[in-house]
Enquirer: 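What follows is a single structure, and I will ask about it in a moment.
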Amino acid sequence: MRAATVLILALLLGACATSGEKPVLQFGAQVEIGRKGTMFPAQQAEEIPRYIYVGQLTGEENFVWPEPKKDTLGSFFRWLVGLVGGDSAPEALMRPQHGAIDESGRILITDISRQAVAVFDPVAGQLVFWDKAVGYQGFVAPVGIALGSQGDAYVADAELALVARLDKDGNSLGVFGRGMLQRPTGVAWDAKRKRLYVADTHAHDIKVFDESGQFVGHFGERGDGKGEFNFPTFLTLAGDELYVSDTMNARIQVVSAETGEFRRSLGTRGTYVGNLVRPKGVSVDGEGNVYVVESYHDHLLVFNRRGEFLMPIGGGAGQDIGQYYLPSGVWIDAQNRIFLADTFNGRIVVYQFLGGGAENE
């Protein structure tokens, strides 16, 4: 009986593959936010919504089958899959850290509890996990991720003390910084210079490698002066400038990607909304607005390119829309969608920036 069931399932898989039916990636309901009297107390006079809450990514539950036609082979196939699969729980994120989006629209997310990179593939209609860093060595604590010129992924593993380079299918292409890095966390790829920047948190500096993995230099040292760092974590590159989350100095430093020379800093230590205590993720949208994850107070803060605080996007511990629980990374795609790793809620929160920041009016 079991063999017959497997055979029927295999035939149905082939039939459905031929028909082209597959699950569709969905984020959830959309909600306008940023109006007067909603979730942004710092913008009470503002009437124009700046962002739309798009939804969240949690795992396989985001892949939804199209509405079945009556008595179709596809609906029978889904019934049979449920029958054979039993009550197995869908694969899900646990403690996401950071992410990136490739040219095909796949969303790659590091998950430190899954010890893997989760890959949401909207074209294939599936979620897969890459759990091997190099050879048979599995990831232990993957944190930062960046995409290279050929679509390969650079993944910083804080415990293995290396950056793993993976191809588009998750196969190992080697490692960077083995024996040199102490605790790598953030990574950023510079396509113009063919350089990989790595935030080495316990070394309090930024190390630089070429495309072949050769070490070419570093900048910064421990301290609280300009161009000095105290446990740097996440990175992002915007133009010729590298943004560094200088976490224990409670600031974002902007330095030259070419020389590491200090340009400016964003944020000040304090207890008010818009101040920083433990900044983590940092990213820049298409209009130059800077997004900073204030993990200690569970905020996503928005600054303009001059470093002036504009507004928070939500804030406060919780699971509702606009609430987070110890968030970490943030990244932005070409459509100015903002992805926030809401780490201890086990999800990725997605917003759409509508454009027209305060300094653009």
Side-chain angles (χ1 to χ4, degrees), residues 6 9-10 12-14 16-28 55-66 74 77-78 81-82 84-148 150-157 160 163-175 187 328-329 331 333 337 339-343 345-350:
V6 172
L9 183 57
L12 288 173
L13 277 169
C16 288
T18 303
S19 70
E21 188 175 13
K22 60 188 177 184
V24 177
L25 180 62
Q26 295 183 358
F27 295 104
Q56 62 183 19
L57 290 172
T58 58
E60 284 183 332
E61 293 179 337
N62 288 99
F63 289 96
V64 180
W65 285 94
F77 164 69
R78 289 190 290 277
V81 169
V84 174
D87 296 326
S88 59
E91 295 280 10
L93 298 173
M94 295 177 66
R95 294 290 182 266
Q97 296 290 307
H98 193 47
I101 301 176
D102 68 13
E103 293 181 351
S104 66
R106 296 188 307 174
I107 305 169
L108 285 65
I109 300 165
T110 56
D111 191 313
I112 201 166
S113 289
R114 298 282 317 224
Q115 297 181 305
V117 177
V119 182
F120 288 81
D121 190 336
V123 176
Q126 64 179 358
L127 169 64
V128 297
F129 289 89
W130 297 343
D131 60 0
K132 293 296 186 290
V134 54
Y136 293 105
Q137 172 65 65
F139 285 110
V140 178
V143 181
I145 183 171
L147 299 180
Q150 305 302 317
D152 42 348
Y154 297 94
V155 183
D157 192 300
L160 293 178
V163 176
R165 185 181 184 185
L166 308 176
D167 68 14
K168 294 181 179 181
D169 297 316
N171 301 309
S172 175
L173 295 174
V175 298
V187 289
S328 54
W331 66 101
D333 68 8
R337 289 185 303 178
F339 295 77
L340 171 68
D342 188 8
T343 301
N345 278 328
R347 65 186 180 183
I348 304 299
V349 179
V350 187

Enquirer: Would I145 and Q97 count as a side chain to side chain contact (heavy atoms under 4.5 Å, CB included) if you check the C-alpha gap in whole Å, the side-chain angles of each, and the deciding distance to 0.1 Å?
Expert: CA-CA 9 Å; I145 183 171; Q97 296 290 307; over 6 Å; no
Enquirer: For residues L108 and D102, determine if any side-chain heavy atom of one lies less than 4.5 Å from a side-chain heavy atom of the other.
Expert: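 With C-beta onward as the side chain, the pair touches.
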Enquirer: Evaluate L93 against R114 for side chain to side chain contact (heavy atoms under 4.5 Å, CB included), listing each step before the verdict.
Expert: CA-CA 7 Å; L93 298 173; R114 298 282 317 224; 5.9 Å; no
Enquirer: What are the two closest heavy atoms between Y154 and G148, and how far apart are they?
Expert: CE1-CA, 3.6 Å
Enquirer: Mark yes when over 12 heavy atoms from residues, nucleotides or ligands other than E60 sit less than 6.0 Å from its CD; otherwise mark no.
Expert: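 For E60, atom CD is crowded (more than 12 foreign heavy atoms under 6.0 Å).
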Enquirer: Looking at F120, I'd like to know if the NZ or CZ of R106 sits under 6.0 Å from its six-membered ring centre while staying within 45 degrees of the ring's axis.
Expert: no
Enquirer: Would you find a donor on one side and an acceptor on the other, under 3.5 Å apart, between the side chain of K168 and the backbone of A153?
Expert: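 Such a contact is absent between K168 side chain and A153 backbone.
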Enquirer: Give a yes or no answer on whether the side chain of D169 reaches the backbone of N171 with a donor-acceptor pair at less than 3.5 Å.
Expert: no
Enquirer: Evaluate E91 against F129 for side chain to side chain contact (heavy atoms under 4.5 Å, CB included), listing each step before the verdict.
Expert: CA-CA 9 Å; E91 295 280 10; F129 289 89; 3.9 Å; yes
Enquirer: Work out which heavy atom in T343 is nearest to a heavy atom in S328; give both atom names and the distance.
Expert: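 The pair with the smallest heavy-atom distance is OG1-OG, 2.7 Å.
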Enquirer: Taking all atoms of both residues into account, what is the closest heavy-atom pair of A118 and L127, and its distance?
Expert: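 Looking at all heavy atoms of both residues, the shortest contact is CB-CD1, 4.1 Å.
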Enquirer: Picking from D342, T58, N62, what satisfies side chain to side chain donor-acceptor pair (under 3.5 Å) with R347?
Expert: D342
Enquirer: If every non-hydrogen atom of R337 is compared with every non-hydrogen atom of I101, which pair is closest and at what distance?
Expert: NH2-CD1, 4.5 Å
Enquirer: Of all the heavy-atom pairs spanning P96 and I348, show the shortest one and how long it is.
Expert: CB-CD1, 3.7 Å
Enquirer: For residues A133 and S172, report the shortest heavy-atom separation together with the two atoms involved.
Expert: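 Minimum heavy-atom contact is O-OG, 3.8 Å.
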Enquirer: Would you say D157's side chain and F139's backbone share a donor-acceptor pair under 3.5 angstrom?
Expert: no
Enquirer: Just wondering, do F63 and V24 contact through their side chains at under 4.5 Å, heavy atoms?
Expert: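 No. Closest side-chain heavy atoms not under 4.5 Å.
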Enquirer: What's the spacing between R165 CZ and Q150 CD if we round to 0.5 Å?
Expert: 8.0 Å
Enquirer: Is there a side-chain contact between V140 and I112, using heavy atoms and a 4.5 Å cut-off?
Expert: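 V140 vs I112: side chains apart.
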Enquirer: If you measure from CG on L57 to CZ on F27, what distance do you get to the nearest 0.5 Å?
Expert: 5.0 Å
Enquirer: Using 30° and 60° as the class boundaries, would you call the ring planes of W331 and H98 parallel, tilted or perpendicular?
Expert: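 Aromatic pair W331/H98 classed perpendicular.
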Enquirer: Is there side-chain contact between Q56 and F339, with heavy atoms separated by less than 4.5 Å?
Expert: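 Counting from C-beta outward, Q56 and F339 never come under 4.5 Å.
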Enquirer: In Å, rounded to the nearest 0.5 Å, how long is the span from CD of Q115 to CG of D131?
Expert: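 Answer rounded to 0.5 Å: 9.0 Å.
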Enquirer: Determine, step by step, whether R95 and D111 satisfy the side chain to side chain contact (heavy atoms under 4.5 Å, CB included) criterion, reporting the C-alpha distance in whole Å, the side-chain angles of both residues, the deciding distance to 0.1 Å, and the verdict.
Expert: CA-CA 5 Å; R95 294 290 182 266; D111 191 313; 4.1 Å; yes
Enquirer: Less than 4.5 Å apart, side chain to side chain, heavy atoms only: is that true for V163 and V155?
Expert: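 Not touching, per the 4.5 Å side-chain cut-off.
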